[in-house]
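First comes the structure, then the notes that go with it.
Letters A, B, ... are given to chains in the order of the sequence lines, protein chains preceding strands, and every chain is numbered from 1.
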There are 2 protein chains.
Amino acid sequence: MKIATYNVNGINSRLPVLLKWLQNAEPDIVCLQELKAPQEKFPIDEINKAGYEAIWHGQKQWNGIAILSKGFEMTEVQRSLPGNEDDNQSRYLEVIIDQIVICCLYLPNGNPYPGPKFDYKMEWIKHFKKRTKQLIDMDLPAILIGDFNIIPTEKDVYKPERWKDDALFQPEVRKAYSQLLKNGWTDAIRTLFPEETIYTFWDYLYKAYDRNAGIRLDHILLSPYLRSQLMRGGVDKEVRGWPKSSDHAPVWVELDRK
Amino acid sequence: MKIATYNVNGINSRLPVLLKWLQNAEPDIVCLQELKAPQEKFPIDEINKAGYEAIWHGQKQWNGIAILSKGFEMTEVQRSLPGNEDDNQSRYLEVIIDQIVICCLYLPNGNPYPGPKFDYKMEWIKHFKKRTKQLIDMDLPAILIGDFNIIPTEKDVYKPERWKDDALFQPEVRKAYSQLLKNGWTDAIRTLFPEETIYTFWDYLYKAYDRNAGIRLDHILLSPYLRSQLMRGGVDKEVRGWPKSSDHAPVWVELDRK
DNA sequence: GCCGTAGTTG
DNA sequence: CAACTACGGC
């Protein structure tokens with residue numbers, strides 16, 4: 001089973017690129033972030049035509065997440081972070097597919113640091129950690145997947161010193177990420193490629209992609225039960241070079257579900 | 001030699017449509033109006049890639065004209081209407097190609113009538129007529145080509161009575177046009193098709209194109225010397241039906257230059 | 001740079 | 001209906 005995440009930066013502007021990538025990559029499950037479209041403007045007809053069912057949670061101008069599935073039945077569990085239901089930003093969607101709890105997230109960016117947006121990020125992380133703790137405690141097969149807006153380590157950024165004041169690279173944010181790993185979650189991509197330079201985001205500005213001036217923000221974390229099923233994974237980096245692409249690239253893993 | 005005019009209504013928004021049309025129609029010379037782009041945002045690289053050289057006169061938000069040439073050398077003569085150089089609107093460009101003086105124009109719309117914008121239109125026409133008179137007096141091979149924003153006769157509009165109060169159809173404007181013909185200029189399209197209903201513009205609103213509720217605004221006028229060289233001509237009406245099209249269609253003639 | 005939003009013009 | 005100006009967000 002191939003599971004992917006892709007921050008599309010506008011589902012409707014990105015539709016041709018998304019459909020082309022779906023056809024090439026043939027993922028079974030896809031978690032999307034930054035739809036930037038209200039609920040009623042999600043292009044469900046074209047997604048269906050490509051062979052995917054979808055559950056999505058849109059929002060007028062920003063945020064918005066979706067989960068696509070080809071051939072696997074989906075059951076919606078949550079459309080906001082439990083304990084954070086009064087959050088008016090669409091950033092969390094949880095479904096069960098093939099007995100796996102799939103948590104699609106678009107964690108707040110938090111810039112500028114410091115400030116109220118960063119405080120909101122830390123508050124969101126607090127609720128998120130509570131949820132991930134529950135999933136671990138219940139020994140469920142689960143995946144945390146999406147745009148974490150966290151650069152985990154200095155390996156995951158082209159010039160660490162330039163990101164010292166950025167909300168994506170603050171020690172308390174990176175600590176929250178490393179605690180997830182300590183609690184039993186496995187960073188699938190880093191596990192498969194322990195030493196490689198791997199980025200998932202390149203800014204639109206300053207020809208960042210041409211210079212490979214990227215950062216790693218999009219992650220796939222596996223619960224202990226699923227770790228042994230991890231077969232392959234990667235970043236579809238070339239997609240970032242296509243015309244009219246998102247500033248993120250798709251990230252994927254293949255699990256051996258037997 | 002095939003010479004065309006096309007009011008693109010935004011050169012950068014129209015680029016895919018323009019390139020597709022250039023490839024299909026293969027004109028040698030193209031006069032463009034309503035670039036709606038400043039000088040530095042003209043997409044010269046893509047135009048070059050399509051095989052055309054270009055001279056253009058951009059303007060920040062409105063107006064803007066260009067002349068493209070494939071395989072014929074161009075010499076710029078004027079980039080504003082002589083006698084009207086302090087006009088700050090980019091509406092006139094004159095070049096010599098293959099010994100023909102080509103006058104690309106985007107005549108002011110003039111709405112609402114009456115008012116200062118209509119006065120500006122009449123003032124512009126006054127300067128324009130002076131220039132056309134000079135060209136006739138000098139017996140030069142010349143073409144007046146572009147968006148005249150003039151509906152010449154009742155034949156050239158789907159419902160004349162609805163345009164009685166419009167600046168495009170005022171008697172004094174139509175008179176200026178008929179005087180050009182009297183002075184020796186030949187309306188190429190009307191000469192080729194004396195009785196047909198021919199439109200070059202259909203409003204974006206109210207499904208005007210589907211209803212063929214159009215008007216004829218884009219004209220190609222030949223000096224006496226060139227009249228005998230007129231072989232063919234037409235309106236590429238289907239282009240108006242393409243996705244993301246301009247509200248105008250391209251108009252073209254073929255001259256036998258021997 | 002490239003998304004979206006709203007308002008203005010034709 | 002589809003250009004434009006702006007602005008906010010990342």
Side-chain angles (χ1 to χ4, degrees), chain A residues 7-15 17-18 32-38 41-42 58-64 89-91 106-113 115-118 120-121 147-151 163 166-169 200-211 213-215 217-218 240 242-248, chain B residues 7-15 17 33-38 41 58-64 106 108-113 115 117 147 149 166-168 201-211 213 215 217 240-248:
Chain A
N7 178 320
V8 289
N9 189 16
I11 180 70
N12 284 299
S13 302
R14 207 65 58 224
L15 200 53
V17 166
L18 174 63
L32 301 177
Q33 302 87 38
E34 283 210 78
L35 302 182
K36 287 185 170 180
K41 287 205 176 165
F42 184 84
Q59 185 183 321
K60 175 135 186 183
Q61 186 169 9
W62 289 300
N63 314 312
Q89 301 190 19
S90 300
R91 294 180 172 277
Y106 175 49
L107 206 143
N109 176 294
N111 276 305
Y113 169 82
K117 291 192 176 181
F118 188 77
Y120 170 71
K121 179 176 194 166
D147 179 356
F148 282 63
N149 270 315
I150 298 175
I151 302 169
W163 293 82
D166 197 285
L168 308 182
F169 201 50
T200 68
F201 169 94
W202 298 261
D203 205 299
Y204 283 124
L205 292 85
Y206 318 121
K207 301 182 185 287
Y209 181 69
D210 295 341
R211 296 184 295 122
I215 50 181
L217 294 182
D218 303 273
R240 177 61 180 84
W242 294 354
K244 308 241 170 197
S245 88
S246 168
D247 38 8
H248 295 249
Chain B
N7 178 320
V8 290
N9 189 17
I11 182 69
N12 285 298
S13 303
R14 206 67 56 225
L15 199 54
V17 166
Q33 304 87 36
E34 282 211 80
L35 302 181
K36 287 185 170 179
K41 288 207 175 163
Q59 186 182 322
K60 174 135 185 184
Q61 184 173 8
W62 286 299
N63 316 311
Y106 175 49
N109 177 296
N111 276 304
Y113 169 81
K117 291 190 175 181
D147 178 357
N149 270 316
D166 197 285
L168 308 181
F201 168 93
W202 298 261
D203 206 299
Y204 283 123
L205 292 84
Y206 318 121
K207 300 181 186 287
Y209 181 68
D210 295 342
R211 296 185 294 121
I215 51 183
L217 294 182
R240 177 61 179 84
W242 293 355
K244 309 241 168 196
S245 89
S246 168
D247 39 7
H248 294 249

State whether [X] places a side-chain N or O below 4.0 Å from either non-bridging phosphate oxygen (OP1 or OP2) of [N].
X: A/Lys117; N: D/dG9; value: yes
X: B/Ser13; N: D/dC4; value: yes
X: A/Lys60; N: C/dA6; value: yes

Item to check | A/Leu35 vs A/Tyr204, nearer the 5' end of DNA chain C by closest nucleotide | outcome: A/Tyr204
Checklist entry - If you look at every strand shown and take non-hydrogen atoms under 4.0 Å, does A/Lys36 touch a base, only sugar-phosphate, or nothing? => result base
Item to check | Candidate list A/Asn9, A/Thr200, A/Asn7, test side-chain hydrogen bond (donor to acceptor under 3.5 Å, both in side chains), partner A/Asp147, passing option | outcome: A/Asn7
Rounded interatomic separation in angstrom, taking [atom1] from [X] and [atom2] from [N]:
X: A/His248; N: C/dG1; atom1: NE2; atom2: C1'; answer: 13 Å
X: A/Gln59; N: D/dG9; atom1: CD; atom2: P; answer: 12 Å
X: A/Trp62; N: D/dC10; atom1: CH2; atom2: P; answer: 8 Å

Checklist entry - What is the minimum heavy-atom distance between A/Lys244 and A/Val17, and which atoms define it? => result O-CG2, 3.4 Å
Item to check | Shortest non-hydrogen contact from A/Gln59 toward A/Gln89 | outcome: OE1-CA, 3.2 Å
Checklist outcome for this item: Checking C/dC3, D/dC10, D/dT5 against the side chain of A/Arg91 (C-beta onward), the nearest is D/dC10
Item to check | Of the listed nucleotides C/dC2, D/dC4, D/dC1, the one nearest the side chain of B/Leu205 | outcome: D/dC1
Next on the checklist: Between B/Asp247 (side chain only) and B/Tyr204 (backbone N and O only), is there a donor and an acceptor less than 3.5 Å apart?
Outcome noted: no
